[in-house]
S.K.: 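Can you keep this structure in mind? I'll have questions shortly.
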Amino acid sequence: MNITIADKPFPESGAIAVFSAAKKTLSPSAKALDKITKGALSRALKNANFSGSKGEILELISPGNGKLTRLVLVGVGDPENLTQRTVEEIGGAIAARLQTSGEKQLAVVVDRIKGSPVPEGAFAAHLASGLLIRSYRFDKYRTKEANKKKPSLKTVRILSHQSKQAKVIFAVAKKVISGVFLTRDLTSEPPNVVYPKSFAKIIKSLEADGLKVEILGEAALRKIGMRALLGVGQGSNFESQVVVMRWNGVPKAKMTKPVALIGKGVTFDTGGISIKPAEGMDLMKWDMGGAGIVVGAMKALAKRKAKANVVGIVGLVENMPSGTAQRPGDVVESLSGQTIEILNTDAEGRLVLADVLWYCQQKYKPQVMIDLATLTGAIIVTLGYDQYAGYFTDDDKIAEQLDAAGKITGDLVWRLPLSENYDKLINSQIADMQNIGGKGAGSITAAQFLKRFTNGVPWAHIDVAGVVWSAANKPLWEKGATGYGVRLLDRFVADNYEI
Ligand code: BES
Ligand code: MN
Ligand code: ZN
């Protein structure tokens with residue numbers, strides 16, 4: 001979808017969208033269009049069940065003298081409640097409604113909305129972002145889709161007197177959204193297409209955006225000593241990979257320690273010998289979702305030339321059962337030297353992250369490490385789908401930063417506890433630790449496990465198992481990969497770690 005922002009005047013033909021606040025409070029442009037159509041809009045409002053709530057849409061087909069193909073009235077709800085995210089969701093609602101409507105072009109007329117904390121220019125920009133984000137589709141493998149179901153809407157013009165401000169905001173947002181789309185692509189691809197080596201190759205292609213990319217194959221990983229990570233991949237025919245991305249946006253003279261972003265990239269998680277049930281196992285293609293977020297965020301940061309030093313590291317493995325697979329009962333010595341008794345081969349993500357976290361802090365001396373992982377089913381029990389990701393940290397400052405970034409972007413996060421008593425639950429009979437806790441607190445014991453590999457570096461772990469994939473169409477995505485987390489990390493860096 002091609003989205004442009006321009007000044008008024010607004011057109012009097014084609015498809016036009018205008019706004020209404022709650023209680024059918026029409027915007028000036030909506031009132032003007034009502035006049036042009038000789039009251040078609042107010043007549044429709046009398047008969048339709050439309051109140052103007054957020055994202056609500058009333059469509060008039062060929063009103064007035066027929067020059068207009070569509071008049072679309074879009075609810076914004078109570079203007080006082082508008083935020084970046086809600087405005088995006090309004091844009092998303094427009095895209096969802098009109099994408100396959102048959103209309104090829106749409107003009108969206110933005111006026112100042114009384115009582116809105118979001119200024120008109122920002123409103124126009126966030127609206128554009130929402131339209132763009134919602135227009136994403138992963139349809140490369142559909143060869144027989146009916147024309148009626150294919151997107152018709154190709155161009156959208158957002159019209160506002162504040163187009164100058166809007167253009168500046170949207171130009172940056174578009175770069176970040178290119179990262180969101182990459183994350184969605186990676187997460188959506190089937191596991192025979194995105195496997196560790198092909199994933200690494202896709203990351204390598206980001207050098208075109210200015211990232212430095214280093215790929216470590218199994219020979220290198222063995223030499224380094226990432227035995228916990230290699231153990232997870234040893235049952236697979238695919239070679240495990242660790243990929244390091246670097247974005248250096250700070251001039252040499254002002255050198256700062258990097259921010260580190262670390263992602264779990266299990267390209268398919270069968271559970272290994274502790275195999276998962278057949279039903280729904282296909283979904284474990286998105287067990288690389290954490291790595292997908294890190295890669296998308298690195299792309300976003302590079303595209304918008306963030307003034308920060310950031311290192312992104314992803315551990316890419318496939319967890320398969322086979323004659324060479326790891327067994328429940330095996331003991332591995334991790335890169336850190338700490339030994340781990342594997343009691344369940346399905347608790348594999350933490351083994352991957354253990355070595356990557358240790359490697360990261362040893363090699364890159366980061367000021368902060370954030371890891372993202374589809375780590376536990378338990379986090380879905382706790383927080384459900386499509387709402388909050390759960391995070392863990394001992395550092396109140398990082399917690400505040402994550403909370404703030406979540407509130408602004410709408411990629412929400414909720415803090416959960418760490419403590420010594422939870423930590424004890426992963427002590428092992430025969431090794432330094434075991435890779436699972438007892439019956440309860442599954443997400444917390446997983447986080448405690450990771451903490452043992454951070455070596456005291458300020459760190460947060462974000463369990464994204466409930467938010468990277470959605471079974472439902474929502475204002476900002478068609479069901480499937482959500483792209484959650486890219487904008488969270490981008491904001492987290494922008495607001496706290498740029499010079
Ligand atoms: N990748 C899964 C977690 C997961 C489950 C993500 C469902 C998304 C949806 C992870 O590797 C896993 O299998 N965790 C186990 C841990 C258990 C064996 C301690 C789990 O959550 O069941
Ligand atoms: Mn697993
Ligand atoms: Zn997993």
Side-chain angles (χ1 to χ4, degrees), residues 187-188 191 194-196 199 228-229 231-236 238 240 262-293 314-321 325-330 340-356 371-390 392 416 422 425-426 428 433-450 461-471 480-482 484-485:
T187 310
S188 304
V194 164
Y195 49 87
F199 197 153
L229 180 146
V232 175
Q234 76 186 31
S236 169
F238 291 131
S240 301
I262 289 154
K264 168 181 172 181
V266 176
T267 60
F268 194 68
D269 180 14
T270 63
I273 297 299
S274 313
I275 197 161
K276 288 181 182 294
E279 198 187 320
M281 199 199 271
D282 58 294
L283 295 175
M284 282 298 109
K285 71 171 183 179
W286 49 263
D287 207 20
M288 37 52 67
I293 295 170
V314 291
L316 308 176
V317 302
E318 185 185 52
N319 187 20
M320 293 293 260
Q326 183 157 265
R327 289 153 293 262
D330 281 3
I340 305 164
E341 184 185 14
I342 313 294
L343 290 181
N344 188 321
T345 64
D346 198 10
E348 84 297 340
R350 63 198 74 182
L351 301 169
V352 172
L353 292 173
D355 278 350
V356 176
D371 80 73
L372 298 104
T374 50
L375 205 61
T376 65
I379 202 70
I380 302 172
V381 176
T382 310
L383 297 168
Y385 287 105
D386 303 342
Q387 307 295 327
Y388 287 82
F392 303 81
L416 293 163
Y422 285 123
L425 299 176
I426 52 169
S428 151
M433 69 195 88
Q434 56 191 42
N435 76 329
I436 54 172
K439 275 222 156 23
S443 305
I444 304 175
T445 49
Q448 294 290 166
F449 184 96
L450 298 180
H461 155 60
I462 311 181
D463 195 332
V464 291
V467 291
V468 301
W469 188 265
S470 174
T482 64
Y484 174 97

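For ligands, and for the atoms within them, numbers begin at 1 and follow the listed sequence.
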S.K.: Does Thr345 reach the main-chain N or O of Ser274 with its side chain, forming a donor-acceptor pair under 3.5 Å?
M.R.: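 It does hold such a pair.
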S.K.: Taking both backbone and side-chain atoms of Asn344, is any N or O found less than 3.5 Å from an N or O belonging to ligand 1?
M.R.: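 No; the residue has no nitrogen or oxygen that sits under 3.5 Å from a nitrogen or oxygen of the ligand.
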S.K.: Less than 4.0 angstrom from a charged side-chain N to a carboxylate O is my criterion; do Lys264 and Asp371 meet it?
M.R.: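 Salt bridge absent between Lys264 and Asp371.
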S.K.: Heavy atoms, side chains only, cut-off 4.5 Å: are Phe449 and His461 in contact?
M.R.: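 They are not in contact (no side-chain heavy atoms under 4.5 Å apart), so the answer is no.
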S.K.: Looking at the Zn ion (ligand 3), which N/O/S atom of Asp287 is the nearest one?
M.R.: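 Going by distance to the Zn ion (ligand 3), the closest N, O or S atom in Asp287 is OD2.
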S.K.: I'd like to check which ligand 1 atoms, numbered from 1 as shown, lie under 4.0 Å from a non-hydrogen atom of Trp286.
M.R.: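 What qualifies from ligand 1 is 8 (C), 9 (C).
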S.K.: Can a non-hydrogen atom of Leu375 be found less than 4.0 Å from any atom of ligand 1?
M.R.: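 Judged by the 4.0 Å heavy-atom criterion, Leu375 does count as contacting ligand 1.
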S.K.: What protein heavy atom is closest to atom 16 (C) of ligand 1, reported as residue, atom name and distance in Å?
M.R.: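 The closest heavy atom on the protein side is Arg350 NH2, 3.9 Å.
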S.K.: Which one holds for Asp346 and ligand 1: side chain close, backbone close, both close, or neither close, with close meaning a heavy atom under 4.0 Å?
M.R.: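 Under 4.0 Å from ligand 1, Asp346 contributes backbone and side-chain atoms.
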S.K.: Got a donor-acceptor contact below 3.5 angstrom from the Asp330 side chain to the Ile342 backbone?
M.R.: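 Here the side-chain-to-backbone pair does not exist.
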S.K.: Can you sort out which atoms of ligand 1 are near Ala465, meaning under 4.0 Å from one of its heavy atoms?
M.R.: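 Within the 4.0 Å cut-off of Ala465, ligand 1 contributes 6 (C), 8 (C).
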S.K.: When rounded to the nearest 0.5 angstrom, what is the spacing between CZ in Arg327 and CG in Leu343?
M.R.: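 Separation between the atoms: 14.0 Å.
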S.K.: For atom 9 (C) of ligand 1, find the nearest protein heavy atom and state the residue, atom name and distance (0.1 Å precision).
M.R.: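 I find the closest protein heavy atom is Met284 CE, 3.5 Å.
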S.K.: Measure from atom 22 (O) of ligand 1 to the protein's non-hydrogen atoms and state whether any distance is below 4.0 Å.
M.R.: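 No, there is none.
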S.K.: With the side chain counted from C-beta on, respond yes when Val317 and Leu351 share a heavy-atom pair under 4.5 Å apart, and no when they do not.
M.R.: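 SC-SC contact between Val317 and Leu351 ruled out.
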S.K.: What is the distance from atom CE of Met284 to atom OG1 of Thr267, rounded to the nearest 0.5 Å?
M.R.: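 It is 12.5 Å, given to the nearest 0.5 Å.
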S.K.: Please could you name the atoms of ligand 1 that Thr374 approaches to less than 4.0 Å, counting only its heavy atoms?
M.R.: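 So the atoms of ligand 1 that pass are 1 (N), 2 (C), 3 (C), 6 (C).
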S.K.: Under 3.5 Å, is there a donor-acceptor pair between the side chain of Asp386 and the main chain of Ser470?
M.R.: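 The answer is no, because no donor-acceptor pair under 3.5 Å joins these two groups.
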S.K.: Just which atoms of ligand 1 are under 4.0 Å from any heavy atom in Asp269?
M.R.: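 Those atoms are 1 (N), 2 (C), 10 (C), 11 (O), 13 (O).
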S.K.: Please classify the Ile380 to ligand 1 contact at 4.0 Å (heavy-atom distances, strictly less than): side chain, backbone, both or neither.
M.R.: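 Looking at Ile380 and ligand 1, just side chain atoms fall under 4.0 Å.
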S.K.: Taking the N/O/S atoms of Asp269 one by one, which is nearest to the Mn ion (ligand 2)?
M.R.: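 The closest N, O or S atom of Asp269 to the Mn ion (ligand 2) is OD2.
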S.K.: Which atom, counting only N, O or S, brings Asp269 closest to the Zn ion (ligand 3)?
M.R.: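 Distance check against the Zn ion (ligand 3) picks out OD2 in Asp269.
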S.K.: Before signing off on this row, confirm whether Thr376 and ligand 1 have an N or O atom pair separated by under 3.5 Å.
M.R.: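 No - when backbone and side-chain N and O of Thr376 are compared with those of ligand 1, no distance drops under 3.5 Å.
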S.K.: Would you confirm whether Ser236, through its side chain, and Asn319, through its main-chain N or O, come within 3.5 Å as a donor-acceptor pair?
M.R.: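 Side chain of Ser236 to backbone of Asn319, a donor-acceptor pair under 3.5 Å: no, none is there.
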S.K.: Can you find an N/O atom of Gly377 closer than 3.5 Å to an N/O atom of ligand 1?
M.R.: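 Yes.
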S.K.: Spell out, as yes or no, whether a donor-acceptor pair under 3.5 Å connects the side chain of Asp287 to the backbone of Val266.
M.R.: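 Absent.
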S.K.: What distance do Phe268 atom CZ and Met281 atom CE have between them, rounded to the nearest 0.5 Å?
M.R.: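 Rounded to the nearest 0.5 Å, the CZ-CE separation comes to 6.0 Å.
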S.K.: Suppose you place the vertex at the Mn ion (ligand 2); what is the angle out to Asp346 O and Glu348 OE1, to 10°?
M.R.: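 Angle O(Asp346)-the Mn ion (ligand 2)-OE1(Glu348): 70°, rounded to 10°.
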S.K.: Rounded to the nearest 0.5 Å, what separation is found between the CZ atom of Arg350 and the CG atom of Asn435?
M.R.: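 Taking CZ in Arg350 and CG in Asn435, the distance rounds to 6.0 Å.
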S.K.: Which heavy atom of the protein is the closest neighbour of atom 19 (C) of ligand 1, given with residue, atom name and distance?
M.R.: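 The closest heavy atom on the protein side is Ile436 CG2, 3.4 Å.
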S.K.: Atoms of ligand 1 less than 4.0 Å from Glu348 heavy atoms?
M.R.: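 Within the 4.0 Å cut-off of Glu348, ligand 1 contributes 11 (O).
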S.K.: State, to the nearest 10 degrees, the angle whose vertex is the Zn ion (ligand 3) and whose arms point to NZ of Lys264 and OE2 of Glu348.
M.R.: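 Rounding to the nearest 10 degrees gives 90°.
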S.K.: Give the contacting part of Trp469 toward ligand 1: side chain, backbone, both or neither, where contact means a heavy-atom distance below 4.0 Å.
M.R.: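 No part of Trp469 comes within reach of ligand 1.
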S.K.: Nearest 0.5 Å please: distance from the CD1 atom of Ile293 over to the CD1 atom of Ile462.
M.R.: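 Here the rounded value is 8.0 Å.
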S.K.: Please examine the side chains of Ile436 and Thr445, heavy atoms only from C-beta on, and report whether any two atoms are closer than 4.5 Å.
M.R.: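 No - every pair of side-chain heavy atoms lies 4.5 Å or more apart.
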S.K.: Please determine if the Mn ion (ligand 2) has an N/O/S atom from Asp287 lying under 2.8 Å away.
M.R.: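 No, since none of the N, O or S atoms of Asp287 sits under 2.8 Å from the Mn ion (ligand 2).
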S.K.: Is it the side chain (CB and beyond), the backbone, both or neither of Lys264 that lies under 4.0 Å from ligand 1, heavy atoms counted?
M.R.: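 Side chain only.
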